[in-house]
2 protein chains.
Amino acid sequence: MLASALRLVDTEPPSLHADIVNQLRDFIVEGHLAPGMRVPERELCEKFDISRTPLREALKVLAAEGLIELLPNRGARVRQFSEADIRNLFEVISGLDFVAGRMACTRITDAGIAEIEAMHLEMYTCYLRRELTDYFRINQKIHQAIVDAVGNPVLSANYAKLNAVVRRLRYAANLVRRDRLGDAMREHEQIMDALRRRAGDELGLLMFEHMQRKCEAVCEHVQEQPEARQRPE
Amino acid sequence: MLASALRLVDTEPPSLHADIVNQLRDFIVEGHLAPGMRVPERELCEKFDISRTPLREALKVLAAEGLIELLPNRGARVRQFSEADIRNLFEVISGLDFVAGRMACTRITDAGIAEIEAMHLEMYTCYLRRELTDYFRINQKIHQAIVDAVGNPVLSANYAKLNAVVRRLRYAANLVRRDRLGDAMREHEQIMDALRRRAGDELGLLMFEHMQRKCEAVCEHVQEQPEARQRPE
DNA sequence: GCATCCAATTTTGCATACAATATATTTACG
DNA sequence: CGTAAATATATTGTATGCAAAATTGGATGC
């Protein structure tokens, strides 16, 4: 998903380098490297079967994305996000959700709306059955679908990048704070309603506020369970 | 300006690598390399007095930012922006302006408002005197100041990066379409008014719409004068 | 005279090598 | 026995080297 979004903004054929960046990003986002941990260059070189040069190029890119930080002469570390960091990220993401909602209404096809409607129903089913993993997965898909419906590769790419960073956190928050789930579901109902009516002004604000609330939920969760302080080494 | 914004998101002491990225970005943004042109690795190595390895690392980062594109086995080229590209960029930027306006109102100090007020008056003077270069420069400063007033490094960094890409174009548009200037000035009056009242809801939308209109102005300009098709080589 | 094919050169992408810096281990000393 | 200096090791950052691919120049054929 992220790979394809990023592919759109670079307009070139699939390149080896981009693949390594994406593989490494996924590897980190999926939590194989604990936050605060050193990024083991040699290990990763062996894992991806490449030399240090292309790996280090990828590290610079991921550092620019904010996923890792580069300490001069002391290598790369997986970034640890404080509550403030998370709020900052969500603030930017919600701004993108705002434009996404607003613009999607003017450009999405009827078929596109139908697709999102289908996902929404599917998510509702998961909600009723309390299948949280699937609920979360479809939730993400809906947001990405609305963003992609705008047909703006720059938006899609930036959205995907920022989301990569907070993905795990959002998941955890949904799992923990079950009472949030009902509110989120109601907000999604409103979002669908505005989308059906192609009420862009309304949808933009709804999505913005929806993300702001999701931010609060995630932050509350992070406070309770300070996100895997797994030996910052 | 951009360098400092980016420094905030990376939390490390100034590194040589980051410097090269910033130098190279400025070099491109300032127009020393024509859009569509090949990026001459060897020349730049000599210019910055470094070897190819760190230069190539910088190129990957700038490619991720969308400033250049990497063609496999055919090196880096300075990206040429179509009208669609510019619209896409502005769409994202205006989303960031939306959050910026909204959030700035809740966090900016009275002193901060006073500073922006001062810049606004200075800009108005330039407007009256038709000093377009200064007008434009202060205009940019005001937007950046509102964004920075939010106190969100992620927002500031992303905003600065996206703006780097369109900076020259905006400048050109303001110079060409003089009738736009009066409208822009009126919009800025409204923006100042909302900021004084700390009316976040209002300011967010005002800034969003302001950027949308600026986008239109830039695009009209680009159509007339298809942005330096200087031998795409 | 123009297009096409082939060799020579340049450029790219990756691997490796090497100096500088940080980390770990050992050793000396209080 | 604990602490600190000193050495050894590993890791980082950059330069260089080399194979593969692309570009260039020129010769050949039509």
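So that the names make sense, note that chain A is the first sequence line, chain B the second, and so on, each numbered from 1.
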A:N73 side-chain proximity, nearest of D:dT14, C:dC14, C:dT21: C:dT21
Beyond-backbone contact of A:F48 with A:L55, side-chain heavy atoms, under 4.5 angstrom: yes
Distance from B:L162 atom CG to B:F90 atom CZ, nearest 0.5 Å? 10.5 Å
Got a second to check how far B:M211's CE is from B:L89's CG, nearest 0.5 Å? 10.5 Å
Between D:dG13 atom P and B:D49 atom CG, what is the distance in whole Å? 19 Å
For atom CZ of B:R52 and atom C1' of D:dT16, their distance in whole Å: 10 Å
Could you say whether B:R74 or A:S51 is positioned toward the 5' end of DNA chain C, judged by the nucleotide with the nearest heavy atom to each? B:R74
Rounded off to whole Å, could you give me the CD-to-C1' distance for the B:E43 and C:dT10 pair? 14 Å
State which of D:dT11, C:dA15, D:dG13 makes the closest approach to the side chain of A:P54. C:dA15
Does the side chain of B:S82 pick up a donor-acceptor pair with the side chain of B:D85 at under 3.5 Å? yes
Taking atom types as modelled, find out whether A:Y159 and A:D148 have a side-chain donor-acceptor pair closer than 3.5 angstrom. no
What is the separation between atom CG on A:L70 and atom P on D:dG13, rounded to the nearest whole Å? 7 Å
Figure out the CG/C1' separation between B:L55 and C:dT11, and round it to whole Å. 13 Å
I need the CZ-C1' distance between A:F48 and C:dA15, as an integer number of Å. 18 Å
Output the rounded distance in Å from CZ (A:R56) to P (C:dA15). 14 Å
Taking for A:T53 and for A:A76 the nucleotide of DNA chain D with the nearest heavy atom, the one nearer the 5' end belongs to A:A76
Check the distance between C:dG13's C1' and A:D19's CG and give it to me in whole angstrom. 15 Å
Just compare C:dC14, D:dT14, D:dA15 and give me whichever is closest to any side-chain atom of A:E57. C:dC14
Answer with base, sugar-phosphate or nothing: what part of the nucleic acid does B:R42 contact at a heavy-atom distance below 4.0 Å? nothing
